Structures are given as C-alpha cells and as structure tokens.
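Each chain gets a letter, A, B and so on, in the order the sequences are listed, and its residues count up from 1. Side-chain atoms are counted along with the backbone in the values below, which use heavy atoms only and exclude waters and symmetry mates. Not measured: the values here are computed from a predicted model.
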Protein chains: 2
Amino acid sequence: MTTRREELARAATDYVLEHGLVGLSLRPLAARLGTSDRMLLYHFASKDDLVAAVLRVANDRSVAEVRALPAAPGVRAAVLALWAAVTSPRLSACQRMYVEAAALGLFGREPYASVVREANRDWVAAVAELLVASGTTRERAPRAVALLDAAMTGFQLDLPLDAGDPLLEQAVLDLADAVAAIAGAQGSA
Amino acid sequence: MTTRREELARAATDYVLEHGLVGLSLRPLAARLGTSDRMLLYHFASKDDLVAAVLRVANDRSVAEVRALPAAPGVRAAVLALWAAVTSPRLSACQRMYVEAAALGLFGREPYASVVREANRDWVAAVAELLVASGTTRERAPRAVALLDAAMTGFQLDLPLDAGDPLLEQAVLDLADAVAAIAGAQGSA
DNA sequence: CCGCCATTGTAGCGAGTGCTACAGTTGTAG
DNA sequence: CTACAACTGTAGCACTCGCTACAATGGCGG
C-alpha cells in the first residue's frame with residue numbers, strides 16, 4: 001500500500017519533469033494534482049521537503065532503468081546502450097531535471113546540493129555496474145565512469161541547442177571509443 | 001569612453017558571478033551597485049534585458065581568455081591548458097554561470113535559451129581555434145570540440161561534488177587523451 | 001454516543017517581485 | 001534665459017510567494 005504522501009510525490013514528479021524545477025510554485029502544482037497548496041504542506045514539511053522528495057523519485061527512476069539494462073557485449077556497446085536509454089523519452093526528462101537540480105546546487109543552495117550529491121553517487125554506482133557487467137574490470141570502472149558521466153551530462157545540457165545534430169551522434173561514438181580505451185588500457189594510474 | 005549602461009552591466013556581472021542567476025533580484029543587486037532598481041530599469045529595458053547583458057559580458061570574458069591562450073605543443077597539452085584556464089578563479093565563476101544559464105534554458109525559457117545558444121557558438125569557435133593552433137586539422141576540430149566541450153561542461157557541473165578528487169584529475173587526463181585520439185585518428189566519419 | 005485523530009477547506013499574513021507614474025534635478029545646446 | 005533631454009528619487013501598484021491560524025469534517029475505537 002502506498003501512502004498519500006508517496007502518491008503525491010510521484011504525481012508531483014511528473015509535473016516537475018514537465019515544467020522544470022526553477023519556476024516551481026505550490027499553487028499551480030497543487031491545482032494540477034487536484035489538491036491545494038495547503039495539503040501539499042500538510043504531507044510535506046515544506047516546499048524544500050517536497051522538492052527533495054521529487055528529486056529522489058526522479059533519480060530512483062533513472063537508476064532503476066540503468067540497473068535494468070542487460071549486460072552489453074563490450075564497453076563500447078554498453079556506452080551506446082546507456083546513451084540510448086538516457087535519451088529515451090522517459091529518462092531524458094529525468095536527466096534534464098537532474099541537470100537542472102545540479103545547476104541549482106552549484107551555489108550550494110539546499111536542498112539541491114545535498115540531494116544531487118547522493119543522487120550522483122547512486123547513478124555513478126549503477127553505471128559502473130553496467131560497465132563491469134559489460135567487460136570492464138572493477139578496478140578500471142571508476143575512471144571510465146568519471147569521463148562517461150561528465151560527457152553525457154554535458155551532452156544533455158546542450159541537447160536543446162543541437163538535438164539531431166550529426167556532430168552530436170558522432171561525439172557519442174567518440175565517447176564510446178574513449179571509454180572503451182580507458183576500460184581496456186593498461187595506461188598509467 | 002564607456003557608457004553608464006556598460007559600466008552597470010560589468011558591475012552587475014560581478015555580482016551575479018558571485019550570487020548566481022537563480023534568485024537574482026533587482027533590489028539587492030541595485031543596492032550592491034550603489035543605485036536603485038529604478039535606475040537599473042532605466043538603463044535596461046527589463047530584468048531580462050539586464051540578464052542578457054550580464055550573460056554576454058561573462059561569456060565575452062570567457063571567450064577572450066581562451067583566445068588569449070597560446071598555441072600548445074599538441075592537442076593533449078592544449079586540452080590541459082584549457083582545463084587549467086577554465087578552472088582558474090576568474091573563469092571558473094564564468095563557467096559556473098554559463099552552466100546555470102544553460103540549465104535555465106533547458107525548458108526554453110528566455111532570455112536564457114537564446115543567449116546561451118549564441119554564447120555556446122562563440123565558445124566552441126574559440127576552443128576550435130585553440131585546437132587548430134595546437135595541431136588539430138580544421139576538418140577534425142569540430143568533432144574534437146564536441147566531446148571536449150561536453151566533458152568539460154560535465155566536469156564543471158559536478159565540480160562542487162568532487163572538487164580535488166583525484167578521480168577528476170585522472171578524468172581530465174583521460175579526456176585529453178581521448179580528444180587527442182579524435183584529432184589524430186583517421187577513423188570513420 | 002463520545003472523544004480522538006488524521007485530513008481538509010478558507011482565509012489571510014508578511015514579505016518580496018518586476019515594474020511604473022510622477023515629480024523633480026541636472027547639464028547643455030540654442 | 002530658455003527649452004529640452006538625460007537622469008534620478010519617492011512612492012506605490014498589482015501580484016505571487018511560502019506558509020499558517022483556525023475551524024471544520026469524517027471515520028474509527030472505546
């Protein structure tokens with residue numbers, strides 16, 4: 001059985017995924033959910049509390065989707081599969097929200113900074129496991145994920161700028177090669 | 001001679017670099033600049049107009065700094081020099097603001113979306129010239145910049161999460177290798 | 001039936017927002 | 001001196017914000 005709070009958190013997440021975190025206001029959100037700001041603040045201690053809950057719901061979805069990805073035949077294929085998942089309609093909205101939250105946390109503003117920190121931890125762990133399952137050694141995975149995660153986040157941030165740009169698709173291929181090189185190389189460090 | 005508007009734009013930029021775009025409000029900003037919200041709206045048509053001006057000033061600084069970088073002995077060195085520049089005290093604040101603006105533009109909100117679009121164009125061009133001056137062919141430069149720019153943006157976004165992390169430094173080295181590989185390879189595409 | 005507790009509606013507070021109307025006050029050109 | 005334009009201060013409008021005080025309503029255990 002799901003509590004009313006969880007139900008509201010999920011519905012609110014859908015709303016935020018669509019409208020963004022930045023202008024988020026309790027009254028329009030409540031209207032969309034068929035309730036009132038009064039009730040949101042009854043179930044959540046404050047707006048920040050609600051936002052934190054929403055961020056966690058969205059990140060849980062992202063992480064779950066990555067964990068559900070099957071092991072790929074090689075690192076390169078894993079990267080491409082991850083990119084495909086991350087740009088799918090469902091996850092792209094979550095990623096966009098993550099990027100927005102991370103940007104809001106850039107100046108240490110709470111609750112964004114803390115929640116983003118823990119979300120990133122979970123996300124990195126999930127991606128690392130995908131790489132390991134796809135042939136990367138446990139030892140090498142962290143390095144590979146570091147570049148992979150940063151590049152993908154960067155792609156997401158510029159997505160509205162150059163969606164469909166063939167240069168972007170090429171860059172993803174290049175990224176896959178680079179990550180494969182890191183995962184396979186015997187280089188320094 | 002600089003107009004009052006330009007002077008205000010520069011001062012406002014310093015303020016925004018320190019406090020961020022998100023909670024930006026005319027009255028506190030004006031107080032810091034020794035003027036009033038009334039005057040800001042006299043010199044700038046609207047808050048959005050002011051914000052656009054600020055974004056342009058900050059981006060001009062970033063681009064100028066990149067253009068001032070000397071040609072490096074090889075692509076790898078160029079990437080490392082760029083990263084050093086971008087994480088220097090002066091530029092890191094500009095980069096942080098760019099990331100914030102890009103995030104605000106994720107949902108198409110103006111004036112962020114448009115200004116970020118043109119800022120990105122200038123930035124990419126400047127970085128491409130640095131790579132070319134450092135040995136990349138003009139033909140290969142766009143591909144190299146695509147990955148380079150995305151990865152660096154991603155690093156910036158996670159900087160508060162793991163500043164000083166040795167994994168980050170390693171990732172920058174890996175990125176340099178990857179970009180060098182793209183710039184030098186005769187691969188497909 | 002009573003009392004309790006989770007839940008909800010109404011109304012509003014205090015603060016802050018971008019922006020504007022209006023009345024000056026300069027400095028300068030004719 | 002005058003007229004005009006550039007600039008600046010005061011006050012306030014209309015609105016939204018997160019949040020709260022207060023008073024119900026409903027169902028369930030005793």
Separation of [X] atom [atom1] from [N] atom [atom2], in whole Å?
X: A:D37; N: D:dC19; atom1: CG; atom2: P; result: 10 Å
X: A:Y42; N: C:dT10; atom1: OH; atom2: P; result: 17 Å
X: A:L41; N: D:dA21; atom1: CG; atom2: C1'; result: 14 Å
X: A:M39; N: D:dT25; atom1: CE; atom2: C1'; result: 12 Å
X: B:K47; N: C:dC19; atom1: NZ; atom2: P; result: 8 Å
X: A:D48; N: D:dC19; atom1: CG; atom2: C1'; result: 12 Å
X: A:L40; N: C:dT7; atom1: CG; atom2: C1'; result: 14 Å

More than 12 foreign heavy atoms under 6.0 Å from CZ of B:R67: is that the case here? yes
Step through the shown structure and confirm whether more than 12 heavy atoms of other residues, nucleotides or ligands are within 6.0 Å of CZ on B:R90. no
Taking atom types as modelled and ignoring hydrogens, do the side chains of B:S114 and B:E110 form a donor-acceptor contact shorter than 3.5 angstrom? yes
Is there a donor-acceptor contact under 3.5 Å linking the side chains of B:W123 and B:D149? yes
Sugar-phosphate, base or nothing in reach of A:T35, heavy atoms under 4.0 Å: nothing
Between [X] and [Y], does any side-chain N to carboxylate O distance fall below 4.0 Å?
X: A:R56; Y: A:D122; answer: no
X: A:R61; Y: A:D14; answer: yes
X: B:E18; Y: B:R96; answer: no
X: A:R121; Y: A:E118; answer: no

If we fit an axis to the first five pairs and another to the last five of the helix from C:dC1-D:dG30 to C:dG30-D:dC1, what angle do they make, to the nearest 10°? 10°
Would one find a side-chain N or O of B:H43 under 4.0 angstrom from OP1 or OP2 of D:dT8? yes
Between C:dA21, C:dT7, C:dC19, which nucleotide gets closest to the side-chain atoms of B:R38? C:dA21
So if I take residues 14-31 of chain B and measure heavy-atom distances to DNA chain C, which residues fall below 4.0 Å? B:L24, B:S25, B:L26, B:R27
Donor-acceptor check, side chain of A:S25 to backbone of A:P28, threshold 3.5 angstrom: yes or no? no
